[in-house]
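Lettering follows sequence order; numbering is per chain, from 1. Computed from a prediction, not measured in an experiment: that's the story for all the values here.
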Protein chains: 2
Amino acid sequence: MQTKVVKFGGSSLADAAQFRKVAAIIKAEPERRYVVASAPGKRFSDDIKVTDMLYDCFSLAAKKQNIDEAFAKIEARYNGIIADLGLDFSLEKEFRKIRMAIEHHAGQDYVASRGEYLNSMILAQFLGFTFVDAESGIFFHSDGTFDDKQTYKALAALLEDVEYAVIPGFYGSMPNGTIKTFSRGGSDVTGAIVARAVHASIYENWTDVSGMLMADPRLVENPRVIEEITYRELRELAYMGATVMHEEAIFPVREACIPINIRNTNAPADPGTMIVPKSDRPVPTVITGVAGRKGFSSITIEKDRMNTEVGFGRKVLGVLEDFGVSFEHTPTGIDTMSVVVSTSSIADCKEAIIGRIFRDANADSVTIDDNMALIAIVGRGMVSNKGTAGRAFTAIANQNINVRMIDQGSGENNIIVGVDEDDYTAALQAIYGAFVGEA
Amino acid sequence: MQTKVVKFGGSSLADAAQFRKVAAIIKAEPERRYVVASAPGKRFSDDIKVTDMLYDCFSLAAKKQNIDEAFAKIEARYNGIIADLGLDFSLEKEFRKIRMAIEHHAGQDYVASRGEYLNSMILAQFLGFTFVDAESGIFFHSDGTFDDKQTYKALAALLEDVEYAVIPGFYGSMPNGTIKTFSRGGSDVTGAIVARAVHASIYENWTDVSGMLMADPRLVENPRVIEEITYRELRELAYMGATVMHEEAIFPVREACIPINIRNTNAPADPGTMIVPKSDRPVPTVITGVAGRKGFSSITIEKDRMNTEVGFGRKVLGVLEDFGVSFEHTPTGIDTMSVVVSTSSIADCKEAIIGRIFRDANADSVTIDDNMALIAIVGRGMVSNKGTAGRAFTAIANQNINVRMIDQGSGENNIIVGVDEDDYTAALQAIYGAFVGEA
């Protein structure tokens, strides 16, 4: 039997009704053996997440204030879930221990992690699964970085004889035994690590959306869900601002070539988005997605007979390296070279960079133009799908938008388009519309 | 009164009929004061240029063979022109001097330069202009490079009091007084130098075509003549293979911001092509021209999280610099960087370059794809003319051609498109057709 690792986010485990949906999903497939759980999230927009309530207790204790009232609210959240689920089960002992620890100034990470810890206990009880504490299976080095070797070994051993388990997300142990939380990616990272440790066939990440969207819903009305996306495409879109799982949560499974399936707890029939190492399936919309960001600047360097000078480009990039500036793109003409960088990265050293390029590369002119937005049109095989560029640029032109930069390399998954920041939204909508239909 | 410098090529001065056309052109405008003349060119396709006949004499003399017959043919060409023009004028003294010099093993450059020397004498006589020998006005350094300072000073002084003059093209003097010819650009260079020395308002370059064409006539049927082109646009198109004046012939006037007018001696009513420092006139066809070349390769480098690594691009370009390879374009994605280079430049060091990029830049993969053609779509203001990219890429797509690379920088005059070499002609025709009409 294959093993699926399933992770449920905070909104999927916010109350008893959500717990019931989660249980139904897990029980629907016996392969869903290892469940990674978040702390209870918001039940309504003004609600407070349990993790935030825990941070609140920690702050009060740090200021030597009484935490009784604050902690009682946390207990009430969990007790409400237990009661509504009709469980014959009590967390009183755990509550006492945690409250004591907070009052005795336990570390912030320990306090924050208890949201996942307690919620996972309830879920394990509800499902009839074994509760396996992440404290015993996920480890950090003393510098706070993730200890992959020890973790994968320990987790594999820990779960070897456990058929069905719930593991709290978000945290692990330091070498000295204290609790540490992941700084980025939260429970998603735990899920990816568990999936990798048990060689899962798939890592299902259950959340409150039916997958990753082809475009930012704040810019495009009702964008389509992406059915399938490769890790590489995801990285291109995520880099340009598409909100998906954090990179830290992707690398563990990516390295092991385990696909991720983003699913919706509230619409379990939706297939969601498959994030896969590779795909031979053609993309029905040609492009997988489009994403962009504002805040770029173009450094344009002119020099007569530039192209005959071996080493010119290297000198220019060397100057940027000296200033610690990483470049995004370097479109080149015969006597011109542009280097696109993030505006913030050069904010403090604009004049110095201009001066150094003049000096080191002996340029004729160096100018910096700000207010550029970059848009990545991403799609595997898109570049060999004839007509992609034509469709995109015709759509942009029809909106009367000026293209400031284009960059498309050989064998790549994307075309990068630079436009004025003022044209950003219209350009992105036009591109989406060109491939999917009117936005 | 403004001064125009007019240069006539070999076909414009191949026989008496052509001399009459030239004289009519010069006399039509009193501003056409300084005339730079080539040696007589071909009158028909199997004809021999006088310059080649002179090289022939030089070779015979070097082999200590008799030059009588060969030299007589040269004399006959010039005497024919003199007789047909009805001039009361003889070059006998000059012929004797030159023949003697050849027999006494004069330098090759001296021998070659006599074609222009003698033709200019006839033209001066025919026009009633002063003959001014380039020997006294154009100078080289002893290393063979052009001595701009001495030349401009000498030429300005020489022509200061000469209202109308004919100056032979193609040659000047070495510091030791011997004759040296320009290695590239021939009489065009002389014309540009004279124009610059006398601060001409325009440099008219009269030839046998009605200007520069928007595309290679071997690829596109009857391409339109370019009305106006900037120096920068010209450089972009010339780099991509458009045959125009040699760069050496452009830099003297370009630096002085003197426009060049390419005209047709056989169709003097045609306005020809204006090559100008700058232009505010919109391009009626949006693009000024399109040109391309085969023989490029794309080096594609992949590395996970490449874009977070400051200095990656510089390292890759540093490797190419170490091998003396200059790069054309460097399209970049998030985890990929392509470097487009000429295939010949890496032919002997392909494996070594791949190995060094692996080592120095710690790349995940390095691949080289050959058989790429680059096409430059050039036009001032084109990039801010909305829709240019859309038109071009739609036209390419309609031909079912795959776009391998796109590069367009900020504020540039061009879009560079990479296609398979097999698609080169069709792509170029499609682009031309998109802006001018069906090719």
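- The CD1 atom of B:Ile346 sits 5.5 Å away from atom NZ of B:Lys350, with the distance rounded to the nearest 0.5 Å.
- For B:Phe327, the part sitting under 4.5 Å from any heavy atom of chain A is the side chain, from C-beta outward, and nothing else.
- Under a 3.5 Å cut-off, the side chain of B:Ser298 and the backbone N or O of B:Ser338 do not form any donor-acceptor pair.
- For B:Asn400, there are no side-chain hydrogen bond (donor to acceptor under 3.5 Å, both in side chains) partners at least two apart in sequence or on another chain.
- In this structure, the portion of B:Glu328 lying under 4.5 Å from any heavy atom of chain A is its backbone and not its side chain.
- B:Arg196 pairs by the salt bridge (Lys or Arg N to Asp or Glu O under 4.0 Å) definition with B:Glu255, not counting sequence neighbours.
- Between the side chain of A:Glu236 and the backbone N or O of A:Asn414 there is no donor-acceptor pair closer than 3.5 Å.
- In terms of non-hydrogen atom pairs under 4.5 Å with chain B, the most contact-rich of A:Ile299, A:Thr367, A:Thr330 is A:Thr330.
- Applying the side-chain hydrogen bond (donor to acceptor under 3.5 Å, both in side chains) criterion to A:Arg293, with sequence neighbours excluded, gives no partner residue.
- Between A:Ser297 and A:Thr343, the closest heavy-atom pair is OG-OG1, 2.7 Å.
- Proximity to chain A (any heavy atom under 4.5 Å) is shown, for B:Ile396, by neither the backbone nor the side chain.
- For A:His329 (side chain) and B:Thr332 (main-chain N/O), a donor-acceptor pair under 3.5 Å exists by modelled atom type.
- If you tally non-hydrogen atom pairs under 4.5 Å between each of B:Asp304, B:Ile416, B:Thr394, B:Ile406 and chain A, the highest count goes to B:Ile406.
- Listed for the A:Thr285 side chain is no donor-acceptor partner under 3.5 Å among the backbone atoms of A:Phe435.
- Against chain B, the residues from residues 315-323 of chain A that qualify, each with a non-hydrogen atom under 4.5 angstrom away, are A:Leu317, A:Gly318, A:Glu321 in number order.
- For A:Phe312, no part lies under 4.5 angstrom from a heavy atom of chain B.
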